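All remarks here apply to the structure that follows.
All values below were derived from every heavy atom in this structure, side-chain atoms included, with hydrogens, water molecules and symmetry-related copies excluded. Lettering of chains follows the sequences in order, A, B, ..., and the numbering in each one begins at 1. Model, not experiment: these values are computed from the prediction.
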Amino acid sequence: MDEQYLPATVEREAQASWESNGTFQAPDDASREKFYCLSMFPYPSGRLHMGHVRNYTIGDVISRFERMRGKNVLQPMGWDAFGLPAENAAMANSVPPAQWTHENIAYMKVQLQSLGFAIDWTRELATCHPDYYRWNQWLFLRMLESGIAYKKSGVVNWDPVDQTVLANEQVIDGRGWRTGAPVEKREIPMYYLEITRYADEMLDALDDLPGWPPQVKTMQANWIGRSHGVRFAFPYEFDGEAGRLWVFTTRADTIMGVTFCAVAAEHPLAERAARDNPELAVFIEACKQGSIAEADIATIDKKGMPTGLRVDHPLTGEPVEVWVGNYVLMSYGDGAVMAVPGHDERDFEFALKYDLPIRQVIDVPGESFSDEAWQPWYADKERGRCVNSGAYDGLDYLEAVDAIATDLAAKELGEKRIQYRLRDWGISRQRYWGCPIPIVHCDACGDVPVPDDQLPVLLPDDCVPDGHGNPLNKRDDFINTSCPACGAPARRETDTMDTFVDSSWYYARYCCRDNDTAMTDKRVDDWMPVDQYIGGIEHAILHLLYSRFWTRVMRDSGLVSVDEPFTNLLTQGMVVAETYYRDDAGRRIFFNPADVDVQRDDKGKITGALANEDGQPVTVGGIEKMSKSKNNGVDPQTLVERYGADTVRVFTMFAAPPEQSLEWSDSGVEGGYRFLKRLWALAAAWQAPVVLLNGGGEVAPATDDAARPLRQEIHALLQQALHDYGRYQFNTVISACMKLLNLLGGLEAGTDDWRARVAHEGLGILLRLLAPVAPHFCHHLWRELGYGEEILDAGWPGVDEAALVKDEIELVVQVNGKLRGQIRVPASSDREAIEQAARDDANVQRFTADKVVRKVIVVPGRLVNLVVTDAN
RNA sequence: GCGGACGUGGCGGAAUUGGUAUACGCGCUGGCUUUAGGUGCCAGUACCUCACGGUGUGGGAGUUCGAGUCUCCCCGUCCGCACCA
């Protein structure tokens, strides 16, 4: 074998071998134990970034690990190929999004292959392909039939200059990103999916997902936001016209503290009041400025204006002023809220600002009410009792809510109600590069679904967006069609679907990608659910919730038999790196980490950095997520070319556990490379004796006494590595591999038989442990040293329990919890013997001599703690 | 604003889940090898102290024989918020 580790050669050969043997094609064989390992598919943005490399390396390590444990592993890959960036690139380069997307896919596929991922490429799919998106359309039509899909008006960001709908991302500080014009909210008709129909089921099912991180489940539960409360109405009569202002509250017990109501700017009452109140009309118009993003709405200055209208308190009949509030959302509940400034912080601030009355109606133990000192204390449901509330005085939360709901119901003005924060999913996008919504608009028949036999509605692939609306609207060949119902000339819907639709079921399609007559088939049930799903924490809510919803819709349509798509979920951390910059005439210029030289003091502490181009200092700007704007990204391609894929994989897995953020470090990569080179050198040095042993059939482990301590350590490290593989903590797996190498490093394998056997056993274990992480490297050495043909099929190493047995154990001795000594005792020692040995230790006696031992704690295998006090 | 995380040497991180804090790697210091080296190898490296010993896991309190780990309060950083994917 080569004395030198040449990654390019090793990796080329290994990849060619896997390719020609079809090693990673997962057979549809339901008789074998399956493992479906899935990483979130990439958006084909152009080149792989380190976040992709990390995501797919984690998935690949798990796939190879499960395969070596004997499972039939499916690891597919595809492309989330519709989306906004392709339209932006089209505008910048005058290239159709389709062409740009396909070129990116071709390039990134080569990159993925160069990293040696164990992917079954025969199942590759792209969501922009008609074979895929036709099933989006087909299932959408089923949802229309079942009523899950429906049409209603929704609010979008509108750029009045470009006359186009903007994504939240395209709104910067309330203005359109290209025009700088203040963005307006505009209502348009859209299609919605009734995800709220599954709100209860999806919420309750979270308890049955033990393989999901608790924080993700908490986030989903909060997002669904099931709350128990009362929906009730304030009756009114204006100019002889009677009506009801409906609101929802979870704090019906505070209803007697209502001092005003607030409605959204789009609320009918606001519009009515504005008819003869120009000032209010101006205010309402102002409220309609700005983006629809909830984060923006929630952080704006809370402003309001009185409508001059008064409604009646449903229980007391007192008049209650109605205000318009810019913080009230029309899309949530009924677009109106009751305000109880005495017991709600936001209402309290609003009341102070506009000098509205504040009334205490809940007793707050230990707090006294006064206008100056009152802190709006959101009375604890367990403790607060009603005061100043007439008939409800003295009732606790539950009693008060019951009594008030009963009284409201008697007047037919309200009832208890369960409400969700979750809103139905609006899927219409006024964009070109997406899946067409299969609807035809006919003057006579209205909105007519496209019949199944006319699917797919093909998206023209040669449009070039120009930033002024959806280019499909200018494509007569797309728009003009005939009505499927009456045959008259009609127009196609030009809205496309949210790209979250595409990503809501791709995991199922991998299982039956070649089926051109049905969305799913039996093979989907054989592979599903996904055993391990891996992706960024940023998808914790939306993508995962939509996928859980879509799976249930498919289940209820008889397309899959599972309830949940993903049994286990791993949310990987971000890839971050140091930033470097200079401020130049008000502009901040960022330097790539590869283009600066870091300065350190004698202790290795960073003192500054110099730019390579001119040797002048740059500012060290802190650790940030790798991004184009901060120019702190590292190109995986360059690294693979310099060090090989295995080194990149080793570093990526070693630098941090999968869930934590991973900080980039050039010297850390060097460390990974050094490790592989040292291991290679060891294998080269041991080649002769190991190959000799492997040539003679089954190799028995060394039984000599001299081998015992080494074998004990080898198997202890193996045990730790197996434990950490089991919990997917790969950084400590690699740590164990490094320790194994350090341990084996001093062994002269060629000098006698027991050393050769220990070397053979240790190296065999090490190569298999490392194989999922550095697959090309281990594949190569496994063959070179004669262990066998394919390390993937070599079987997973197991701990030799007999080798772990120790004659003597070490224990530490504490006195009052402080470390005072170490003792060695026979492993068979009982509690008394251990305690006596601890008391006898010379250094321990220094600290116990003039004290009284009150208590002795013996933790087997770990420590002895002597609790002492002064003699008196 | 709401929701969810995180905080340990100069740095990334470890701590078998309440039991020796800092494993492994990087960096740094010193030495050896090499024609040379940005290669390789060896040793040292939390802080204070000559030492005995003491201190130390963002800050403050608490539970415990024992807390990085559990509880409460505070500070800081990061992620998501429905049209980025």
Side-chain angles (χ1 to χ4, degrees), chain A residues 40 42-43 45 80 83-85 154 156-157 165-171 213-216 218-219 221-223 225 291-300 302 327 331 345-346 421-423 425-426 428-431 498-500 503 536-543 545-546 573-574 576 598 600-606 622-625 651 654-657 659-672 674-675 677-678 681 719-720 723-724 729 731-732 734-739 742 810-814 816-819 822 854-857 859 861-863 865-867:
Chain A
M40 290 181 186
Y43 179 80
S45 54
D80 190 11
L84 206 48
V156 294
N157 300 306
V165 175
L166 298 179
N168 283 335
E169 185 189 54
Q170 299 171 319
V171 179
Q215 68 270 25
V216 173
T218 306
M219 282 191 266
N222 290 335
W223 187 261
S291 93
I292 58 166
E294 193 176 314
D296 294 339
I297 293 164
T299 48
I300 51 170
K302 287 184 183 49
Y327 61 95
S331 54
E345 210 163 329
R346 288 160 306 171
R421 207 186 75 92
L422 181 68
R423 305 196 294 262
W425 176 14
S428 295
R429 296 291 179 272
Q430 299 67 46
R431 269 182 251 297
D498 182 1
T499 55
F500 273 124
S503 55
I537 183 72
E538 67 273 19
H539 295 292
I541 297 174
L542 292 177
H543 162 62
L545 198 65
Y546 291 145
M574 293 179 302
V576 298
V598 173
R600 293 170 186 279
D601 66 13
D602 274 4
K603 292 194 170 183
K605 195 174 182 174
I606 293 172
I623 308 288
E624 305 242 22
K625 181 178 178 175
F651 169 76
F654 179 59
E659 269 110 347
Q660 283 182 35
S661 63
L662 182 152
E663 189 176 324
W664 187 258
S665 155
D666 285 318
S667 45
V669 180
E670 291 278 357
R674 202 144 45 219
F675 164 62
K677 282 192 292 186
R678 287 175 58 213
Q719 188 175 44
Q720 184 228 309
H723 177 259
D724 290 341
Q729 196 174 85
N731 55 329
T732 48
I734 295 169
S735 166
C737 290
M738 289 171 169
K739 287 177 188 174
N742 293 342
E810 269 189 46
L811 294 167
V812 298
V813 185
Q814 297 179 334
N816 286 349
K818 287 192 193 300
L819 182 62
Q822 300 204 351
R854 302 284 178 193
K855 197 173 175 183
V856 181
I857 287 125
V859 183
R862 291 196 184 277
L863 58 70
N865 189 14
L866 304 172
V867 184

So, does A/K855 get its side chain near the phosphate of B/U64, meaning an N or O under 4.0 Å from OP1 or OP2? no

N or O in side chain of A/Q660 less than 4.0 angstrom from B/G13 OP1/OP2: yes

Report which part of the nucleic acid A/K302 touches: base, sugar-phosphate, or nothing (heavy-atom distance under 4.0 Å, all strands). nothing

How does protein contact run along nucleotides 19-26 of chain B, one letter per nucleotide 5' to 3', with B for base contact, S for sugar-phosphate only, - for none, heavy atoms under 4.0 Å? BB--BBSS

For a quick check of understanding: with a heavy-atom distance under 4.0 Å over all strands, which category does A/Q729 fall into, base, sugar-phosphate or nothing? sugar-phosphate

Touch check for A/S661, heavy atoms < 4.0 angstrom, all strands: base, sugar-phosphate only, or nothing? sugar-phosphate

Taking only residues two or more places apart in sequence or in another chain, which ones pass salt bridge (Lys or Arg N to Asp or Glu O under 4.0 Å) with A/D724? A/R727

Please enumerate all residues that pass salt bridge (Lys or Arg N to Asp or Glu O under 4.0 Å) together with A/E624, with sequence neighbours excluded. A/K630

Determine the contact category for A/F675: base if any of its heavy atoms lies under 4.0 Å from a base atom, sugar-phosphate if only primed atoms, P, OP1 or OP2 are that close, otherwise nothing. nothing

For A/E663, report the nucleic acid contact type (base, sugar-phosphate, nothing); a contact means any heavy atom under 4.0 Å. sugar-phosphate

Can you tell me if the side-chain N/O atoms of A/K625 get under 4.0 Å from OP1 or OP2 in B/C79? no

Counting the atoms with a prime plus P, OP1 and OP2 as sugar-phosphate, which does A/A655 contact under 4.0 Å by heavy atoms, base, sugar-phosphate, or nothing? sugar-phosphate

Just label B/G62 as syn or anti from its O4'-C1'-N9-C4 or O4'-C1'-N1-C2 angle, using within 90° of 0 for syn. anti

Any side-chain N or O of A/T218 under 4.0 Å from OP1/OP2 of B/G4? no

Between CD of A/E294 and P of B/C2 the distance, given in whole Å, is 12 Å

